[in-house]
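In what follows, a structure is listed as structure tokens, so that the remarks can point back to it.
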Number of protein chains: 2
Amino acid sequence: MSVGIRHDDLRRRNRAMVIAAVRQAGQPSRTEIAATTSLSHSTISAISSDLIVEGILTESKPSEAGSLKRGRPQVGLSLNPEAAAVMTVVLSLNFLSVAVIDYAGQVVSEEQRRLDTLTMSRESLIGECTAIVRRRLADPDLDVRSIARIALAIQGITDTRARAMLWSPITPHTDIAFADIFEDAFGIPAIMENDCNMMAVALRWRDPDRYRDDFIAILLSHGIGMGLVLKGELFTGTHSSGGEFGHMIHRPNGALCRCGRRGCVEAYAGNYAIWRNARQMGEDAEPVADVSDADMRALAAAAREGDGPEREAYRKAGEALGYGLGSLFALIDPAPVAMVGVSAAAFDLIEPALRQAIAQTAGGQHSKSISFDTEPNELPLIREGCAMRALIFVDQEIFAPGVQARGSAGKSVA
Amino acid sequence: MSVGIRHDDLRRRNRAMVIAAVRQAGQPSRTEIAATTSLSHSTISAISSDLIVEGILTESKPSEAGSLKRGRPQVGLSLNPEAAAVMTVVLSLNFLSVAVIDYAGQVVSEEQRRLDTLTMSRESLIGECTAIVRRRLADPDLDVRSIARIALAIQGITDTRARAMLWSPITPHTDIAFADIFEDAFGIPAIMENDCNMMAVALRWRDPDRYRDDFIAILLSHGIGMGLVLKGELFTGTHSSGGEFGHMIHRPNGALCRCGRRGCVEAYAGNYAIWRNARQMGEDAEPVADVSDADMRALAAAAREGDGPEREAYRKAGEALGYGLGSLFALIDPAPVAMVGVSAAAFDLIEPALRQAIAQTAGGQHSKSISFDTEPNELPLIREGCAMRALIFVDQEIFAPGVQARGSAGKSVA
DNA sequence: CAGTGTTTTTTCGAGGCTCGAAAAAATAGG
DNA sequence: CCTATTTTTTCGAGCCTCGAAAAAACACTG
């Protein structure tokens with residue numbers, strides 16, 4: 001089980017460390033890398049000269065404009081955009097989006113497409129996904145050989161091995177091994193990730209000051225999803241993508257949830273639940289298939305207008321989220337929260353009840369120290385997360401390959 | 001942040017690996033160690049001969065009786081009991097227990113003592129703990145210099161740094177930095193751990209087949225505690241010992257909990273809650289301070305006798321535990337559960353309602369595959385866990401010391 | 001009971017890696 | 001143009017692990 005460190009692993013790990021340092025810092029000098037990795041200058045020099053020869057890093061002469069320091073100026077090291085490229089595929093309700101991203105993280109090309117995911121057959125869903133990838137790969141400006149990885153994100157449950165979608169609210173079909181399908185079709189390594197986990201990954205790269213070691217990303221959308229980073233690592237379940245915050249039980253035998261069970265947090269805080277309560281349809285009413293973003297915005301506007309069923313619906317959503325977070329905080333200690341998705345724009349309506357509920361829970365001891373941030377648009381986040389995930393795979397597994405693929409518990413975000 | 005691997009770390013880590021292999025396997029030969037660590041025979045030979053010279057390992061000639069294999073017989077390596085010793089201190093409600101344990105894990109001496117922890121002053125509580133340790137250290141048979149570590153376990157919340165008890169139900173006093181107190185008093189490194197976490201550690205050593213990478217230990221006692229192992233590592237909160245399963249919210253605004261809040265799982269499943277329901281005192285009744293184990297056993301007997309308030313009380317406990325586990329399983333996926341403590345002996349009364357509740361939750365999809373095991377006596381478990389935790393500290397930090405103490409996320413149980 | 005086969009353990013040289021010290025490189029200031 | 005300063009590279013030393021071969025320790029056989 002626990003495996004010793006072999007001599008050749010040393011170089012591999014330190015190579016990966018140098019690449020990671022460059023990806024994080026942007027344009028660090030060798031001296032800066034030596035400082036962050038606590039390796040000697042000689043070692044960094046040796047490794048980086050290797051990496052430059054291999055075309056993974058490049059020297060970017062003007063390290064920083066106007067650095068009027070006395071001695072030899074630092075030479076910035078940066079990722080060579082042409083070293084590789086990755087492709088992201090984000091499949092969400094009625095929407096499919098692909099992008100090609102170079103090794104430095106810049107979008108090279110993209111394509112988006114509306115679909116009717118809820119009614120499509122299994123074959124045509126898979127077909128659309130492979131077709132859109134094929135079109136991008138056929139782009140004449142693109143060197144297909146450089147595509148080192150495809151990362152696909154989807155709402156729903158994926159397996160820990162990042163091979164398959166197990167279940168998703170956007171389609172009735174289950175157990176689609178997208179990763180295997182892509183690998184077979186294109187011969188490119190692929191992974192299948194959960195959308196909320198990718199949101200969390202992206203937040204960490206966007207704002208490492210706020211989202212560093214411990215934080216929570218909650219998707220307030222038709223359903224409720226969560227991405228959780230604990231101690232610097234993405235938290236996943238043991239078998240699935242895990243973190244099904246939306247299906248923690250808020251009230252035993254409570255409102256009917258889209259998942260068929262009763263009393264889940266989502267059955268109070270999902271868009272369909274807010275809609276159902278605002279329209280006073282009763283907690284047993286069958287969840288509607290979809291509520292448009294425009295409708296949700298109208299609902300929020302009505303709730304802000306005056307005290308009526310709309311406002312009460314948001315209050316109930318806040319209460320469910322608050323108790324849910326309270327239970328979560330009992331397990332993991334409070335942490336900063338990012339609310340993402342359409343209903344994050346209505347967080348002003350949700351927050352009072354949420355804070356009131358959380359104050360009733362174990363996590364509420366530090367209620368005031370729990371801070372919330374909102375981001376209404378989830379799609380760019382998910383894509384960024386996918387891109388980072390794929391690029392880091394390239395960093396580690398392709399540009400710093402080890403003899404054996406040593407599976408480490410959890411997946412480091414950095 | 002992420003730190004490179006230096007050349008001298010290599011030996012340190014591989015030394016630690018060899019020691020860990022011996023601790024796990026008991027009496028492995030060098031060849032077996034080479035196999036489990038995937039290091040070469042030469043390396044294992046070099047490291048183990050070092051360790052033998054240093055008195056950490058010993059060669060135990062008869063590797064196994066009657067091994068009628070053909071070639072040169074394997075020489076078993078075992079931990080030298082005299083290499084070091086550790087001390088465990090378990091402080092629970094009205095009870096204090098200390099033990100000295102040799103490097104091989106055998107109890108050398110012990111002492112137990114009844115206290116009135118609920119009413120004692122802060123000073124006398126600390127005084128009793130240091131006094132009992134001092135008495136053990138004064139044992140003429142004991143070489144005090146060999147005590148390398150003191151591990152103290154307590155019910156309640158400890159900090160992640162394992163220095164202090166932040167809050168405990170066994171005493172009104174808070175924020176007692178026992179680890180620092182012991183270090184100052186005796187000059188021996190000390191740690192402060194949560195009791196349920198130590199239960200989990202011990203279960204893993206007792207039955208590594210069942211309790212390997214992912215499992216849950218739940219203490220059914222006056223309060224409800226949890227120790228959680230995920231992906232082979234003890235799961236702790238980010239600031240505290242975490243995993244406050246007992247204070248997840250079962251019913252918003254529900255029964256009064258000992259913690260002062262309402263609707264916690266514990267307010268239905270803790271001994272005092274079962275007692276309160278069985279005696280039909282109402283959910284708002286102030287929790288009693290303590291219910292004796294004998295009273296609880298009588299309660300269980302009455303519940304088995306016939307359908308009355310006692311049986312209903314256990315049913316409610318099962319329901320709360322079931323929904324709580326269901327919410328937990330939504331986050332981490334289902335895993336084997338060990339029920340520990342007095343009320344684990346009444347698990348037959350709890351299980352039906354528990355399974356029924358869990359079937360209503362997201363985790364319930366695999367309800368049948370969730371298996372429960374019971375262990376009525378928590379104290380030995382807690383002590384074993386403490387001992388292992390302290391011994392592994394000695395293995396890693398004293399017998400395989402690195403230049404820098406590199407804090408890894410989570411604490412490996414192995 | 002000596003010889004042979006088998007398995008474990010040790011020995012030894014080779015190859016790699018990181019480190020520290022010193023040298024080389026590149027610039028600003030005088 | 002020279003000096004001070006900082007960054008980067010070079011080079012030898014010291015470890016560490018590895019593979020191959022040797023040594024050790026026993027069972028089996030005739």
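Order of the sequence lines fixes the chain letters, A, B, ..., with proteins taken first and strands second; residue numbering starts at 1 for each chain. Since this is a predicted model, take the numbers as computed values, not measurements. Hydrogens, waters and symmetry mates play no part in the numbers below; they use all other heavy atoms, side chains included.
The only member of B/L142, B/V86, B/I150, B/V107 that meets side-chain contact (heavy atoms from CB on, under 4.5 Å) when paired with B/V100 is B/L142. Checked against A/R30 for a side chain to side chain donor-acceptor pair (under 3.5 Å), the options A/H41, A/E59, A/Q74 give a single hit: A/E59.
The main-chain N or O of B/S78 is never found under 3.5 Å from a side-chain atom of B/Q27 such that the two would form a donor-acceptor pair.
Under the 30°/60° scheme for interplanar angles, the aromatic rings of B/H7 and A/H7 are found to lie parallel.
The nearest whole Å value for the distance from the CD atom in A/Q74 to the P atom in D/dT5 is 17 Å. Rounded to whole angstrom, the span from the CZ atom of A/R13 across to the C1' atom of D/dT17 amounts to 15 Å. Protein atom CD of A/E59 is 15 Å distant from nucleotide atom P of C/dA25, rounded to whole Å.
Judged by the 6.0 Å distance and 45° axis criteria, B/R23 is positioned over the aromatic ring of B/Y103.
Applying the salt bridge (Lys or Arg N to Asp or Glu O under 4.0 Å) test to A/D141 and every residue at least two apart in sequence or in another chain returns nothing.
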Quick one: which protein N/O atoms are closer than 3.5 Å to N/O atoms of nucleotides 16-23 of chain C? Pair and distance per line, please.
from	atom 1	to	atom 2	distance (Å)
C/dT18	OP1	A/N14	ND2	2.9
C/dT18	OP2	A/R11	NE	3.3
C/dC19	OP2	A/S40	N	2.9
C/dC19	OP2	A/S40	OG	2.8
C/dC19	OP2	A/T43	OG1	2.5
C/dG20	N7	A/S42	OG	3.2
C/dG20	O6	A/S42	OG	2.8

Which protein N or O atoms sit under 3.5 Å from an N or O of nucleotides 2-5 of chain C?
from	atom 1	to	atom 2	distance (Å)
C/dG5	N2	B/R70	O	3.4

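Remark: B/S45 is not in phosphate contact with C/dT11, judged by side-chain N or O atoms under 4.0 Å from OP1 or OP2.
Remark: A/K231 does not engage B/E233 in a salt bridge, criterion side-chain N to carboxylate O under 4.0 Å.
Under the 4.5 Å side-chain criterion, counting only non-hydrogen atoms from C-beta, B/L152 is not in contact with B/E193.
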